[in-house]
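Down below is the structure, laid out as structure tokens.
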Amino acid sequence: MSEMSTRFDFKNIEKKWCRYWEDGHIFHTGPVSNKKPYSIVIPPPNVTGILHMGHALNNTLQDIIIRYKRMQGYETCWMPGTDHAGIATQNVVEKQLAKEGKTRHDLGREKLLERLWQWKKEYGDTIINQLKKIGSSCDWDRTRFTMDEQYSLAVRKVFVDLFKKGLIYRGEYIINWCPRCHTALSDEEAEYQEHQGALYHIKYPFKDNPQRSLVVATTRPETMLGDTAVAVNPSDPRYTALIGKILILPIVNREIPIIPDDFVDPEFGTGAVKVTPAHDPNDFLIGKRHKLPVINIMHPDGRMNENAGEDFSGLDRFEAREAITEMLHELKVLEKVEQHSHAVGHCYRCHTVIEPYLSKQWFVKMAPLAKPALKVVTDGKIKFYPERWTKVYCHWLENIRDWCISRQIWWGHRIPVWYCQDCDETIVSMDDPSVCPKCNSHQLKQDEDVLDTWFSSWLWPFATFGWPDTSKDLDYFYPTNSLFTASEIIFFWVARMIMAGLEFMGEIPFSDIFIHGTVRDSQGRKMSKSLGNAIDPLEIIDEYGADALRFSLIINSGQDIYISKDKFEIGRNFANKIWNASRLILMNVKTDNRNISLESLLRDQDLDTASRWIISKFNSTLKGVNNALELYRFSEAENLIYEFFWSNFCDWYLEIIKQQFDNPKIQQVALKILESSIRMIHPFMPFVTEEVWSHLGVSDNSLSHIKWPEYKPVYTDIESEQSMGLIIGIIAGIRTARVQWNIKSGQSTDIHLSAENPDMVKTLKNNEHIFNAFLKINKLVINDEGVKIKNAASGIIDKVKYQIPLEDIIDIDKEIRRMKEDAAVCEKHAADIQKRLSNHTFIEKAPTEVVERDKERLNSISDKIKNIQDVLSNLD
RNA sequence: GGACCCGUAGCUCAGUUGGUUAGAGCGCUUCCUUGACAUGGAAGAGGUCACAGGUUCGAGUCCUGUCGGGUCCACCA
């Protein structure tokens, strides 16, 4: 054991085990006929990603569960991989190009894709390697990418199938358009932020009487250039008479009608709404209802186009707003400008203000897919942990809107649709067509757009296992068991995976969804690169170790996690504690009998109290950890482990047995508890435990495939727990009192005890033998200042065992009085309930649940009274 | 406008179906350390559980309201 240093040297050790796990393909799995499968698919990080705390948390949680299940004997598969992350990745590469002074258009589609693949090859595995560093036990041999060949096949099949079922359609609608990324975005990709803007009140003069005008209110005056009507609510008495009249649109001087529409809220603004069908989703719908002309006044990059007129054409939308405001002012038609705060959508990738823009896009009809996805959750086939997310999920599905899936970028799955240039036929096909089936023309042109990234991600749980081909892996591992993700991703990904799983596999993709919190800084802000408040997990690994990162993150995780750097000390210190406890035991244990079970140790009637106690404690801790993990209560599991290992095992048991290490029974217990603890801690802190395991000499296998300790209820040993509790109480009392003992040199029996703790003083006086044992066994150093005692607990146990009567610790009279009072109160209450229950009017009129509640209470009170009486009669 | 979450020690948080004296870590005070570990050991101070009502024999826990903080959803131009 000489090679074990006094500090846990995590750096070299982590490196060593990372390599061992990977080179040995320790986590590679496949179907095994006589084992039950347990599988998790990783939320695939973006290829552009670098590890942040959110990843660290997410993957640690998954790793704990997968290691736990693996040790329990499941054939476990944790499927790793990355997401091509369409817009995000293309943005990265386009930024590179910009530095070279080029745009994507200078390169063209093919060359840009080459660059992107090149980039993916060079940097795409960064995050995968970082995940390995935190100890993620994925089946790395399976690592998938959402643009793998087989995966692309799945995406294409899904598109074609849905199209054939009529669930994919193409149409011209107002979508969220990012003028910077030049692409459509889904509703979920638009992030709304409160924005302090203005409400402009503009006078639109009547054609028949230019002196009079109708005032409309808008937050976006620039869009007036595309107005084709003004709408009022038909039931609004102010305006009913005006319906059908013609107004003259200022600046443009276009004649536009006043139309009635229920959409208009008379309460808001002036009750008259300018209608711009090309630039507002609601106006678009109004326009459809009233067959209004649609005038697009903007280029895709957010600049005004020729329809905006000479004065504004070419101006950016925000410049145009100012220019128009100024002109309206000059024309004296700007009545007033009010402060007005409202939500403005931003691109979730580049935070540019989104423009509602009219364009032809592909959509997925969601309602038919949402229905079954809702049912499996309301039926309880899929459960959210914590449960409250169920409601969020259901609300979204109940109000679902169609999903815009086409993106005007180049990086991604190209839409498998071709248009015949000669006959306008639309061809949707698994294989690239070369002839138009309708007119035999060869002039086919593929749709330029690619699919939304999430259109591939939603297939992740089955496409990664080889779908659409059938495979043994898919049969064996699908449906997967649990999914771990953050709440932000419920709509983007979780809900859609459930839809896809049900639609294409006919089965749910997973049964449990664990939603974890967001990692925030100590001020509660989201950690982000732009804020500069991010703590880099790699830095923590470097400074504190991967085990420390994992342990600290989990033990601090409640809902959202607020974290600062010093929080990681707990994990580092705990890893070190495990290390040093192991050193102590390994330095002292000589026994060859290393495989004895806790059960047989406990069967030895002569085993000392402390050993019985620690075995019992371990056992109850294990039970708690099992329960906590089954319910995904991770921090609870870690707290139990921490408390057991540090407070019980190290602070008490090891201190007690230190001077009895020559006893082979004690050696066996110490070793066995250490070994079992190491196994129990392994899913949480894989590195330090693997290393200790390799020194234990119990097995040559990697700890990853060693069995999880078995919980046996028979282990719980109440007698030893109580005895030990008593002993700890006494010793703790001695420790408390010890600085107050004023012993002069040579007068060690003449002791003055402080009156501060009279109960303890009494106990000590009545139990002289304890005190004598204490004096004898502990290194008592007496000097002029008083008494100094080292290792207070050492060796005392044998002397103390079973010799302390309960009465000396607790004031029994007080206790009995309390119990009698308690019983009296209960009896009175029971009589009240009894009376109520025998009252006919009460029984007839009270709701059944009230009666039931009363009956239950009566039962529990009766039980309690009985218990107290039992105890009291035993005392006599 | 709807929905949800949170408010417990100086700080960050536990507290599972209501049940003895409300817990932990960090920080703080005091003491200790020469053989596992100062990334350590012992002891201690510190809480009207946001506030106000209610249900109950009993409330940090359940209900109602108020105040404060946060998140998500929603087409108010």
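Residue-level contact check: A:Phe263 touches the bases, meaning some heavy atom is under 4.0 Å from a base atom.
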Could you tabulate the donor-acceptor pairs under 3.5 Å formed by side-chain atoms of residues 630-639 of chain A, not counting sequence neighbours?
residue, atom, partner, partner atom, Å
A:Glu630, OE2, A:Tyr68, OH, 2.9
A:Tyr632, OH, A:Asp512, OD2, 2.6
A:Arg633, NE, A:Glu636, OE1, 2.7
A:Arg633, NH2, A:Glu636, OE1, 3.2
A:Ser635, OG, A:Ser557, O, 3.4
A:Glu638, OE1, A:Ile555, N, 3.2
A:Asn639, ND2, A:Ser635, O, 3.1

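In terms of phosphate contacts, A:Arg572 brings no side-chain nitrogen or oxygen within less than 4.0 Å of OP1 or OP2 of B:U39. A sub-4.0 Å separation between OP1 or OP2 of B:A74 and a side-chain N or O of A:Arg401 is present. At least one side-chain nitrogen or oxygen of A:Lys577 sits closer than 4.0 Å to the OP1 or OP2 atom of B:G41. When the side-chain nitrogen and oxygen atoms of A:His340 are compared with OP1 and OP2 of B:A77, one or more of them lie within a distance under 4.0 Å. Within the 4.0 Å cut-off from OP1 or OP2 of B:G41, at least one side-chain nitrogen or oxygen of A:Trp646 is found. Considering only side-chain N and O atoms, A:Asn573 lies under 4.0 angstrom from the phosphate OP1 or OP2 of B:G40.
The base-pairing partner of B:U66, taking Watson-Crick or G-U wobble contacts with both distances under 3.5 Å, is B:A50.
Remark: A:Glu398 pairs with A:Leu374, A:Cys394 by the side-chain contact (heavy atoms from CB on, under 4.5 Å) rule, at least two apart or across chains. With sequence neighbours excluded, the residues that form a side chain to side chain donor-acceptor pair (under 3.5 Å) with A:Trp403 are A:Asp452. A:Val392 pairs by the side-chain contact (heavy atoms from CB on, under 4.5 Å) definition with A:Trp389, A:Phe491, not counting sequence neighbours.
Screening residues 262-278 of chain A for salt bridge (Lys or Arg N to Asp or Glu O under 4.0 Å) gives A:Asp227-A:Lys274 as the qualifying pairs, with residues at least two apart or on separate chains.
When each of B:U12, B:A3, B:C75 is scored by its nearest atom to the side-chain atoms of A:Lys391, the top-ranked nucleotide is B:A3.
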Provide a list of protein-nucleic acid N or O atom pairs under 3.5 angstrom, restricted to nucleotides 5-9 of chain B.
residue, atom, partner, partner atom, Å
B:C5, O2', A:Gln559, OE1, 2.7

